[in-house]
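In what follows, a single structure is set out as structure tokens and then discussed.
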Amino acid sequence: VITPGNVILNGEGIFLRRLGAADVGARYVQWLADPLVTDALEVRFEPQTKESIVSFVESMNEGNTNLLLGMFLKENKLHIGNIKVGPINWHHRTADVGLVIGERSCWGKGYATAAITLVTNYAFDELNLHKLSAGCYEGNVGSAKAFLRAGYLEQGRRISHFLYNGRYVDSLEFYKLNPRSS
Ligand SMILES: CC(C)(COP(=O)(O)OP(=O)(O)OC[C@H]1O[C@@H](n2cnc3c(N)ncnc32)[C@H](O)[C@@H]1OP(=O)(O)O)[C@@H](O)C(=O)NCCC(=O)NCCS
């Protein structure tokens with residue numbers, strides 16, 4: 001089960017911790033209004049407000065099926081993005097992993113790879129999950145590479161799965177198994 005209260009994970013250049021309503025500031029709202037950030041995210045279909053983001057964060061902290069963590073720079077504690085493990089299926093001990101880095105100046109610095117590695121280890125070692133999966137639009141090179149660098153493998157693709165800029169693209173599907181789980 002997910003421990004209520006805070007989870008803090010320390011990695012290369014960043015740390016991850018649970019988010020609260022107080023973390024939803026103007027910059028966070030701006031990320032989700034930035035077409036370059038939301039280009040390959042489903043959230044682009046639902047315009048966001050501070051209120052909608054606060055209720056998203058609060059809903060993620062309720063119950064036992066999602067672990068939403070903020071990504072923060074160690075050097076100045078700037079909130080640069082989020083990573084989520086969920087929804088968790090406790091019967092099968094599986095979950096999805098998704099992430100966004102909203103501060104574009106922080107792209108290409110290895111933070112996605114670091115964050116994926118941190119939540120993957122936490123999900124396997126502390127939550128005892130068996131398998132994590134992730135998907136991205138074909139062509140999202142940064143996302144695909146970050147999952148591969150964090151030790152995920154491609155498990156297949158869903159053909160013609162997302163409408164992207166007026167044409168259908170495949171969904172690339174990645175997974176990682178817990179080495180201690182049978
Ligand atoms: C996709 C995203 C998470 C990548 O984060 P990141 O911190 O830039 O990724 P990393 O720095 O860990 O990069 C991993 C690899 O991808 C490469 N990469 C990152 N962004 C890239 C891009 N736009 N084009 C090509 N390569 C890219 C890096 O150079 C690195 O390559 P290497 O392994 O050869 O060194 C980030 O750009 C983002 O949040 N984008 C917007 C939202 C999104 O698309 N989320 C993922 C949805 S599935």
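Throughout, numbering of the chain's residues begins at 1 and tracks the sequence.
Side-chain atoms of Leu78 and Arg27, non-hydrogen and from C-beta on, do get closer than 4.5 Å to each other. A heavy-atom distance below 4.5 Å is found between the side chains of Glu42 and Arg44. No side-chain heavy atom of Ile159 sits less than 4.5 Å from a side-chain heavy atom of Tyr168. Gln30 is not listed as a side-chain neighbour of Val37, based on a closest heavy-atom distance of 4.5 Å or more. A 4.5 Å side-chain heavy-atom check between Tyr122 and Leu16 finds every atom pair outside the cut-off. Side-chain contact check for Asn178 versus Leu129: every heavy-atom pair is 4.5 Å or farther apart.
The structure places CG of Leu32 at 13.5 Å from NZ of Lys50, a figure rounded to the nearest 0.5 Å. Rounding to the nearest 0.5 Å gives a distance of 8.5 Å between CD1 of Ile14 and CG of Leu73. Note that CD of Glu62 is 10.0 Å distant from OG of Ser55, once rounded to the nearest 0.5 Å. We find the CG-CD distance between Asp96 and Glu173 to be 8.5 Å, quoted to the nearest 0.5 Å. If you take OG1 on Thr113 and CZ on Arg149, they are separated by 4.5 Å, rounding to the nearest 0.5 Å.
Under a cut-off of 6.0 angstrom, the local environment of NZ in Lys74 is crowded, with over 12 non-hydrogen atoms contributed by other residues, nucleotides or ligands. When the shell of 6.0 Å around CZ of Arg157 is examined, it contains more than 12 heavy atoms from other residues, nucleotides or ligands. Within a 6.0 Å radius of CD in Gln155, other residues, nucleotides and ligands contribute more than 12 heavy atoms. For Arg180, the CZ atom is densely surrounded, since the number of other residues' heavy atoms within 6.0 Å is greater than 12.
Closest heavy-atom contact between Cys106 and Ile80: SG-CG2, 3.6 Å. Of all the heavy atoms in Phe162 and Ser171, the pair that sits closest is CE1-CB, 3.4 Å. Minimum interatomic distance between Ala21 and Glu58 (heavy atoms only, all atoms of both residues): CB-OE2, 3.9 Å. When all heavy atoms of His130 and His92 are compared, the closest pair comes out as CB-O, 4.1 Å. Annotation for Ala115 and Met71: closest pair CB-CE, 3.8 Å, computed over non-hydrogen atoms. Across all their heavy atoms, Phe124 and Leu132 have their closest contact at CE2-CG, 3.8 Å.
Cluster annotation: Ile116 and Tyr175 are assigned to distinct hydrophobic clusters (Ile/Leu/Val/Met/Phe/Trp/Tyr, side-chain heavy-atom contacts under 4.5 Å, transitive). In the hydrophobic clustering of ILVMFWY residues, with side-chain heavy atoms under 4.5 Å counting as a link, Leu41 and Tyr137 come out apart. Note on Leu177 and Leu153: same hydrophobic cluster, where clusters join Ile, Leu, Val, Met, Phe, Trp and Tyr whose side-chain heavy atoms are under 4.5 Å apart, directly or indirectly. Clustering ILVMFWY residues whenever any of their side-chain heavy atoms sit less than 4.5 angstrom apart, transitively, puts Leu172 in the very cluster that holds Leu148. Transitive grouping of hydrophobic side chains (ILVMFWY, heavy atoms separated by less than 4.5 Å) brings Leu127 and Met60 into a common cluster.
Under the 30°/60° scheme for interplanar angles, the aromatic rings of Trp31 and His79 are found to stand perpendicular. Using bins of under 30°, 30° to 60° and over 60° for the plane-to-plane angle, the ring pair Phe72/Phe15 lands in the parallel bin.
A donor-acceptor pair under 3.5 Å is formed between the side chain of Asp170 and the backbone N or O of Ser160. Judged by distance alone, with hydrogens and angles left aside, the side-chain atoms of Arg93 form a donor-acceptor pair with the main-chain N or O of Asn128 at under 3.5 Å.
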Step-by-step side-chain contact (heavy atoms from CB on, under 4.5 Å) determination, Gln48 to Phe56: CA-CA 10 Å; Gln48 299 292 311; Phe56 168 75; 5.6 Å; no
Worked check of side-chain contact (heavy atoms from CB on, under 4.5 Å) between Phe147 and Leu99: CA-CA 11 Å; Phe147 280 101; Leu99 79 164; 3.9 Å; yes
Applying side-chain contact (heavy atoms from CB on, under 4.5 Å), run through Val57 and Asp23 and close with a yes or a no. CA-CA 9 Å; Val57 167; Asp23 293 305; over 6 Å; no
Please report the C-alpha distance between Ile83 and Val97 in whole Å, then the side-chain angles of each, then the deciding distance to 0.1 Å, and finally whether the side-chain contact (heavy atoms from CB on, under 4.5 Å) criterion is met. CA-CA 7 Å; Ile83 188 161; Val97 175; 4.1 Å; yes
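For the 3.5 Å distance criterion, the side chains of Asn82 and Tyr28 qualify, holding a donor opposite an acceptor.
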